[in-house]
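For reference, the structure discussed in these notes is given below.
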Protein chains: 2
Amino acid sequence: MTDLSPALPVNGDRLVARLKALGQIGALPEGGVCRLALTPEDGAGRDLVVGWMREQGLDVAIDPIGNIFGTRRGTQDGPSVMMGSHIDTVATGGLYDGNLGVLAGLEVLQALDDAGIATVHPVTVAAFTNEEGARFQPDMLGSLVHVGDLPLQEALDTISIDGTRLGDDLADIGYAGTAALGGIKAAAYLEYHIEQGPVLEAEGIDIGVVEGVQGISWTEITLSGRSSHAGATPMRLRRDAGLAAARIAHGVADIAKSIGGDMVGTVGSLRLRPNLVNVVAEMAQMTVDLRHPQEKVLAEAEARLAALVARVAEEEHVSFTRRQLARFQPVAFDRDLVGRVEHTARSLGLSTRRMFSGAGHDAQMLARTCPAAMVFVPSIAGLSHNTAEYTAPGDIANGLAVLGTLALELAGRANSPA
Amino acid sequence: MTDLSPALPVNGDRLVARLKALGQIGALPEGGVCRLALTPEDGAGRDLVVGWMREQGLDVAIDPIGNIFGTRRGTQDGPSVMMGSHIDTVATGGLYDGNLGVLAGLEVLQALDDAGIATVHPVTVAAFTNEEGARFQPDMLGSLVHVGDLPLQEALDTISIDGTRLGDDLADIGYAGTAALGGIKAAAYLEYHIEQGPVLEAEGIDIGVVEGVQGISWTEITLSGRSSHAGATPMRLRRDAGLAAARIAHGVADIAKSIGGDMVGTVGSLRLRPNLVNVVAEMAQMTVDLRHPQEKVLAEAEARLAALVARVAEEEHVSFTRRQLARFQPVAFDRDLVGRVEHTARSLGLSTRRMFSGAGHDAQMLARTCPAAMVFVPSIAGLSHNTAEYTAPGDIANGLAVLGTLALELAGRANSPA
């Protein structure tokens, strides 16, 4: 490995312009973007990104789950230095989540071109399919298939919240590719992402050095009671699935608060049937999202949730079923690579803070097969999965400089500095 | 008024057959019926009922809000003895709620024809528009317009949960009538209905003698928080509209249980936005249905709800708006007419129990302009607003005998018994 190279002359303004251009696809009237995985909007976003890859002369490969890889060749063959993230969004998404990691990778490659720098190792930019999990579960599906931990056929047979099959949607938008699954090997994986939380802004820190990702547990709970007249059914004779769901949602917050620290618990989705003002609900379906950096604490929260559901169901005389939608253990990133993120940022004069990610990221899947790390920059007001998601151009340029400088260092210069 | 007549020879089997025939329109695969007000299914149900009215030679009048009146003339003109209810249902309705009161009225008139009985006063069967309030609010809208307490134009401009205008839907199904509003006067109003609660069955009583209707308060509450990432947003920094809604729904049940007695409180409808597993909800919209037979207690429950909403909103850092969807004070039916229901039932050898209705009924609107009363029969397991709603044929025949016998007594025989 060569000595630390001087900072790569990346262009933050060009990156911000591309973020805005991509954000036009699926743009919402109130700002923000809705580009749910494998919808026509996602297809159009992919077309734009792949177009940029081809303009930059990259070798584009699309695998059978729709993951997109754009590779700039090195002077040697072999594993790539991989940068990447995803371009699907939640229904009320912003311009930065995921998109930043992909487009910053392209900007790094453009900066290498502009500076006339050849690298020893190939450098690849990856955009993974369905990271959000908003339309298809589990989330991080594309990177999970990429690393070989979810069979392709099972992933293709996943049914969306709209009732469609993933494989069919993928074919409809033209991204059922033929490149070999896992064919592009990574020597290291770097994911540049907004924090999606309020900590960096609150503490005035430039760069979050991500040590790992919280464990994630998603459960769907379906409660079955008895539909009855809201006026003529005494409270004691009810089997109110809606009330049971409300008590569980309330209890999930209490569990998270009583465990404290980094523990979070969320009921983001809740539906009642028949959902009418004067009818006691016969059915309620809800999701519970639990996260913590330590497996032991996460498991404790899960056990307390299970006890809560059983107790409330018994007290409200409803039956229930549970279905695990996703379960990821906490992930620790490669200690050496994390240290190099920190060192690179400091060498560029940026302040840093080590932290765990509260959100899931493709990096946690890649970490199973290669050293991986992440670079965080502040999210204003901690907003993400929100149309008002925003990161200032200066912060975007800071993270881009860290990413580009470290990627070049990892890939190795094959020619002398200009 | 004549002496008590012998029981009118009504035909319960014929009534049950008509209930089943009407229940075919909007029939659900799992049983029960969905004939929401002013949908094409409601239109088809109306066509069937009006067809039966015409077959029976009744004078059919349809007013501008779509209320249907079928009148059998008396030997004298003047106010009618009116029987009636409604034929719209909730989304998961049964065959009996409302339909029983309308079709039993037609059966009474058929029995008068079959027995060759003429009455002094006219006898009218009424089917009022949108009693349920499941698609348009407020409920009991047609009878409220009929008695003059809701302006016609305001009613016609009501917007459905589907976003359509009531007047347009009414015209689409061909029931924007031209008969004068309130043109058919009632000397008395009798509504025969299933109990919709579990009390008569539990106590083994044949006939519920309804003294009045609980007061009803419907409120829609909209909570506005901030959408944010479910993993990266610490609990203390959230503005979770979904959690606020769950706490309020939980609290509504606690208010009802702590007041006790006849108090009921229901959150039947609750929607989150964006309603995704990994996004803290930015918006929650919910309904609260409160009912009690005493105005003072109902008002206390409303005050406690208001305090609950304000407290939860403050603690969860969300804002809120409230909208009153419906508010009806408790109603006491005419004491003399209630006594005659009880006396008629007992004279027919049936057991009786005085009770308040927990549900709203058109009778409470009619009670503003004439003596009104109701006859209840058992609902098996208390089920109503439920596809499994059921009342046994023997119970249906019991109530029909009470209705027919009392209606004939009120209308007066104009010829000698055969």
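Each chain gets a letter, A, B and so on, in the order its sequence line appears, and its residues count up from 1.
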Looking at B:Leu325, B:Val264, B:Asp97, which one has more heavy-atom pairs under 4.5 Å with chain A than the rest?
B:Val264
So which of B:Met263, B:Glu195, B:Arg226 has the largest heavy-atom pair count under 4.5 angstrom toward chain A?
B:Arg226
Side chain from CB out, backbone as N, CA, C, O: work out which of these in B:Leu237 comes under 4.5 Å of a heavy atom of chain A, or both, or neither.
side chain
Greater than 12 external heavy atoms within 6.0 Å of B:Arg353's CZ:
yes
Hey, is the main chain of B:Ser227 close enough, under 3.5 Å, to the side chain of A:Asn386 for a donor-acceptor pair?
yes
Most chain B-contacting option - heavy-atom pairs closer than 4.5 Å, from A:Ala256, A:Gly358, A:Ala281:
A:Gly358
Closest heavy-atom pair and its distance - A:Ala249, B:Leu243:
O-CD1, 3.9 Å
For B:Asp289 and A:Ala230, work out which heavy atoms get closest and say how close.
OD2-CB, 3.8 Å
Side chains of A:Asn278 and B:Gln137 in contact at under 4.5 Å (non-hydrogen atoms)
no
Side chain, backbone, both or neither: which part of B:Met286 has a heavy atom under 4.5 Å from chain A?
neither
Below 4.5 Å, heavy-atom pairs only: which of B:Leu272, B:Ile248, B:Val277 has the largest tally toward chain A?
B:Val277
Against chain A, label B:Pro274 side chain, backbone, both or neither, depending on which of its atoms sit under 4.5 Å from a heavy atom there.
side chain
Residue from B:Ala134, B:Pro198, B:Ala326, B:Ala284 scoring the most non-hydrogen pairs under 4.5 Å with chain A is B:Pro198
Rounded distance (nearest 0.5 Å) linking atom OG1 of B:Thr92 with atom CE of A:Met283:
11.5 Å
A:Ala232 to B:Gln196 - nearest heavy-atom pair and separation:
CB-O, 2.8 Å
Pair count under 4.5 Å, heavy atoms only, with chain B: among A:His250, A:Glu132, A:Lys257, A:Gln214, highest is A:His250
Are B:Arg238 and A:Thr266 close enough that some pair of their side-chain heavy atoms sits under 4.5 Å apart?
yes
Which residue out of B:Gly197, B:Gly261, B:Ser379, B:Ala246 racks up the most heavy-atom pairs below 4.5 Å with chain A?
B:Ala246
In terms of heavy-atom pairs under 4.5 Å, which option from B:Val199, B:Val279, B:Val213, B:Ile216 contacts chain A the most?
B:Val279
Honestly, the part of A:Leu383 sitting under 4.5 Å from a heavy atom of chain B is side chain
Give, for atom CG of A:Asp254 and atom CZ of B:Arg247, the distance between the pair rounded to the nearest 0.5 Å.
8.0 Å
What's the separation between atom OG in A:Ser269 and atom CG in B:Asn275, rounded to the nearest 0.5 Å?
3.5 Å
Tell me whether the rings of A:His385 and B:His229 are parallel (<30°), tilted (30 to 60°) or perpendicular (>60°).
tilted
Go through the atoms of A:Val267 and report whether side chain, backbone, both or neither lie under 4.5 Å from a heavy atom of chain B.
backbone
Most contacts with chain B, counted as non-hydrogen pairs under 4.5 angstrom, among A:Ala241, A:Ala253, A:Gly382:
A:Ala253
